[in-house]
Amino acid sequence: MAGLHRSHGCGELRAEDTGKEVTLMGWVHRRRDHGGLIFIDLRDRSGLVQVVCDPEAGPAFKKAEEVRNEYVVAVTGRVRPRPEGTANPKLATGTIEVEARKLRILNRAKTPPFYIEDNIDVDEALRLRYRYLDLRRPEMQSIMYLRYRTTRAIRDFLDSRGFWEIETPMLTRSTPEGARDFLVPSRLRPGEFFALPQSPQLFKQILMVAGIERYFQIVRCFRDEDLRADRQPEFTQLDMEMSFIQREDILNLVEELMAHVFRETLGIELTLPLPRLTYQEAMARFGSDKPDLRFGLEITDVSDLVRGCGFKVFADAAARGGVVRGLCVPGGASFSRRELDELTRAAAVFGAKGLAWMAVTAEGIRSPIAKFFTGQELQDLVARMGGKEGDLLLFVADSEAVAATALGSLRLELGRRLHLYEPEQLAFTWVTDFPLLEYSPEEKRYVAVHHPFTMPMEEDWPLLDTEPLKVRALAYDLVLNGVELGGGSIRIHRRDIQEKMFSLLGFSPDEAREKFGFLLEAFEYGTPPHGGIAFGLDRMIMIMARRDTIRDCIAFPKTQSGTCLMTAAPSTVAPEQLLELHLKTTARPAGKLSSAGKA
RNA sequence: GGAGCCGUAGUGUAGCGGUUUAACAUGUCGGCCUGUCACGCCGAAGAUCGCGGGUUCAAAUCCCGUCGGCUCCGCCA
């Protein structure tokens with residue numbers, strides 16, 4: 001490197017730079033050796049440029065013969081226009097090239113196990129094992145850059161609205177409720193453990209007691225649960241909390257935040273206000289508490305129409321307090337037997353015991369169950385569901401919850417299959433008025449749908465004593481394209497309501513003090529009304545980058561089994577380390593992970 | 001905890017109706033080549049068919065187990 005100073009990024013050079021003497025540093029993307037003339041596509045973070053090594057131009061040519069893909073090199077030369085007819089319109093730098101005078105090999109490279117370019121078709125395990133090569137690919141770099149620009153836009157916006165970013169502990173206390181904790185043993189306190197935070201929930205509320213008024217944090221959170229395409233054991237939240245506000249204030253602020261972020265990062269203007277659905281509506285119409293509003297295909301309830309019908313499955317479901325609901329699939333009458341079987345299987349995954357269908361044809365209704373209905377009943381069903389010739393009516397008869405979720409998942413499957421939406425579309429919606437409580441059969445008690453500090457809606461307070469399951473919470477989720485981006489609530493700041501809540505959750509005052517003592521104590525010293533929200537940043541980036549998994553939006557993600565293929569973590573540790581921590585394991589460790597380092 | 005899909009040269013695939021020199025593409029290495037940009041042409045090397053066991057005269061191929069990856073259910077206040 002001595003004496004060499006990088007003057008430009010490879011991708012920055014343009015026709016205006018013609019004649020300039022430049023020094024570039026980057027990776028050899030490709031070498032085209034014509035014997036007497038060598039082309040090198042040189043790549044760095046900014047892009048690609050063609051370097052020409054001509055024996056006449058200097059000693060670079062000799063060096064270029066040694067060069068291989070992914071070698072790190074420095075090139076000094078002059079920018080010149082490409083000869084007539086040799087411009088490359090596919091490259092931003094395609095009208096010019098750099099005539100290399102000097103070329104220095106800064107580092108050699110082994111041949112990489114996959115191409116360093118976009119749209120590669122390799123096993124994801126290989127990409128994860130060689131993540132540093134994967135991240136060298138332009139599409140991955142652009143996601144990392146998008147992620148950085150997004151957090152910067154968030155910070156800019158919240159700063160302009162008077163929010164302070166404050167850090168909260170990573171080593172904290174295990175609290176009941178919620179996901180499984182990751183535990184960290186305390187060396188100094190034998191037998192005791194810290195937990196990694198599932199979210200900074202309690203701390204941010206205490207910051208409100210502390211008079212911070214407006215807090216945010218872009219913060220790592222940890223949940224020891226099974227992974228999914230959109231779930232990692234460690235993930236990043238945008239966490240916010242505000243004092244002296246009401247629900248509307250938070251929703252409005254978040255809408256402006258989203259509008260700012262999408263404008264600054266993607267140049268997309270959102271139309272405000274964002275749509276809103278209540279939980280009830282979302283479940284009834286879309287069969288989901290995170291409905292994908294990029295397309296219609298709404299669910300229709302026909303329970304009343306089939307109550308007395310001759311088809312026992314429907315009539316019984318309606319009579320026993322269940323529901324019969326359906327979807328009208330445009331053009332679905334042409335589905336094959338096999339496609340119908342697939343849909344039935346898809347519905348079964350979510351607990352539906354069966355899927356009934358009726359095809360609307362020119363000759364009338366074609367269906368294995370048509371014979372159980374009168375002509376009038378069939379006519380009413382088709383009319384209610386808006387069926388037209390060529391459509392397919394699908395029905396699920398079950399409890400309300402099963403019918404809703406089964407049809408909700410069918411709806412998504414059909415939306416995808418029938419291309420009912422453009423993948424590019426962005427459909428935000430708020431879902432509000434979540435139930436405060438749900439009943440847990442395993443624990444035989446009520447559990448909080450959101451969390452134990454969520455404020456019930458004031459008009460439902462009387463129901464707390466009579467029908468707690470009907471109480472709605474001042475809780476809200478922001479949903480984008482069927483993905484839950486985040487959720488929050490107005491918090492309880494009144495002691496009597498908090499005590500009521502604990503008693504509904506089955507905690508005695510002593511238990512509540514034992515589990516949440518520090519928060520309850522803080523609340524006794526003058527708590528402002530407050531509320532907040534938290535967003536899954538990884539998921540947000542996933543949608544913005546139009547990816548199918550958050551693994552693509554995290555620099556170093558874990559596999560579905562929670563391991564890191566690059567570092568081979570987790571691993572066993574030295575016996576002395578365990579001894580120091582006063583730990584003894586009862587497990588035989590699983591098979592060793594193979595890692596790049598050991599290969 | 002459960003269901004499904006996948007695992008064959010560095011990479012992506014074919015072969016799976018049991019007997020093949022395990023094929024193709026690409027990459028790699030060597031040679032030739034002064035306007036290519038997925039450069040081209042010629043040649044070469046490269047595979048314990050994820051691992052273990054079983055069935056059989058014979059297994060990449062069939063069976064069982066196991067490991068790893070992915071998707072989903074449960075789980076994720």
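FYI, side chains are in, hydrogens and waters are out, and symmetry mates aren't considered; it's all heavy atoms of this structure. To find a chain, count down the sequence lines: A is the first, B the second, and so on, and within it residues start at 1.
- At a threshold of 4.5 Å between non-hydrogen side-chain atoms, the residues Asp433(A) and Met457(A) count as touching.
- Using a 4.0 Å heavy-atom distance criterion, Ala87(A) is classed as a base contact.
- Residue Gln560(A) places at least one side-chain N or O under 4.0 Å from the OP1 or OP2 atom of U71(B).
- Taking side-chain N and O atoms only, Lys110(A) has no distance below 4.0 Å to OP1 or OP2 of U28(B).
- Contact check, Asn69(A) against U28(B): a side-chain N or O comes under 4.0 Å of OP1 or OP2.
- Side-chain N/O atoms of Ser561(A) include one lying less than 4.0 angstrom from OP1 or OP2 on G69(B).
- In this structure, the nucleotide among U34(B), G35(B), C73(B) sitting nearest to the side chain of Arg228(A) is C73(B).
- Across all strands shown, G65(B) forms a Watson-Crick or G-U wobble pair with C51(B), both key distances being under 3.5 Å.
- Minimum atom distance to the side chain of Leu91(A) is reached by C37(B), of the listed C75(B), U11(B), C37(B).
- In this structure, of C37(B), G1(B), A77(B), it is G1(B) that holds the atom nearest to the side chain of Asp226(A).
- For A14(B), there is no paired base (Watson-Crick or G-U wobble, both distances below 3.5 Å).
- Taking every side-chain heavy atom of Thr559(A) into account, C70(B) is the closest of C70(B), G12(B), C73(B).
- Using atom P as the reference point in both C33(B) and C42(B), the two lie 16 Å apart (nearest Å).
- Stacking of the aromatic ring of His34(A) onto the base of U36(B) is not found under the criterion of centres within 5.5 Å and planes under 30°.
- Base pairing of C57(B) is not made with any nucleotide, judged by Watson-Crick or G-U wobble geometry with both donor-acceptor distances under 3.5 Å.
- In the set G74(B), A77(B), U71(B), the nucleotide with an atom closest to the side chain of Thr549(A) is U71(B).
- G27(B) is unpaired under the Watson-Crick or G-U wobble criterion, no partner having all donor-acceptor distances under 3.5 Å.
- With both pairing distances under 3.5 Å, A9(B) is matched to nothing as a Watson-Crick or G-U wobble pair.
- With C29(B), C76(B), U36(B) as the choices, the nucleotide that has an atom nearest any side-chain atom of Ala179(A) turns out to be C76(B).
- No more than 12 heavy atoms of other residues, nucleotides or ligands lie within 6.0 Å of NZ in Lys63(A), so this atom counts as exposed by the packing criterion.
- For the OP1/OP2 pair of C39(B) and a distance below 4.0 Å, the side-chain nitrogens and oxygens of Arg30(A) include at least one atom meeting the criterion.
- Base pairing analysis places U20(B) opposite nothing; no Watson-Crick or G-U wobble pair with both distances below 3.5 Å involves it.
- Considering only side-chain N and O atoms, Ser199(A) lies nowhere under 4.0 angstrom from the phosphate OP1 or OP2 of A77(B).
- For His8(A), there are no ring-ring contact (aromatic ring centres under 6.0 Å, His included) partners at least two apart in sequence or on another chain.
- Applying the 4.0 Å criterion to OP1 and OP2 of U71(B), one finds that Arg551(A) has a side-chain N or O inside that range.
- Across every strand in view, G74(B) sits unpaired, with no contact that passes the Watson-Crick or G-U test at under 3.5 angstrom.
- For the C1' atoms, the distance from G17(B) to A3(B) is 29 Å, rounded to whole Å.
- For Arg32(A) and U36(B), the shortest distance from a side-chain N or O to OP1 or OP2 is not below 4.0 Å.
- Between the C1' atoms of U8(B) and G74(B), the separation comes to 35 Å (whole Å).
- Comparing U11(B) with U28(B), their P atoms are spaced 14 Å from each other, to the whole Å.
- Among the heavy atoms of the strands, none lies under 4.0 Å from Arg539(A).
- Taking atom P on both C49(B) and A60(B), the two are 7 Å apart, rounded to the nearest angstrom.
- For Lys558(A), the NZ atom sits in a packed shell: over 12 heavy atoms of surrounding residues, nucleotides or ligands are nearer than 6.0 Å.
- The residue Val447(A) sits apart from the nucleic acid: no heavy atom pair falls under 4.0 Å.
- Arg223(A) has a side-chain polar atom (N or O) that falls below the 4.0 Å cut-off from OP1 or OP2 of A77(B).
- Among the heavy atoms of the strands lying under 4.0 Å from Asp33(A) is at least one base atom, whether or not backbone atoms are also near.
- Each of U36(B), G69(B), C76(B) was ranked by its minimum atom distance to the side chain of Phe39(A); first place goes to U36(B).
- For Glu124(A), the side-chain atoms get nearest to C70(B) when compared with the rest of U71(B), A77(B), C70(B).
- One C1' atom belongs to U55(B), the other to C63(B), and the distance between them is 7 Å to the nearest Å.
- Residue-level contact check: Glu117(A) touches neither bases nor backbone, having no heavy atom under 4.0 Å from any strand.
- Each of Ala125(A) and Thr111(A) was matched to the nucleotide of RNA chain B holding its nearest heavy atom; the match closer to the 5' end belongs to Thr111(A).
- Using atom C1' as the reference point in both G50(B) and G7(B), the two lie 6 Å apart (nearest Å).
- Nucleotides C62(B) and G15(B) place their P atoms 12 Å apart, quoted to the nearest Å.
- Asn88(A) comes within contact range of at least one nucleobase, with a heavy-atom separation under 4.0 Å.
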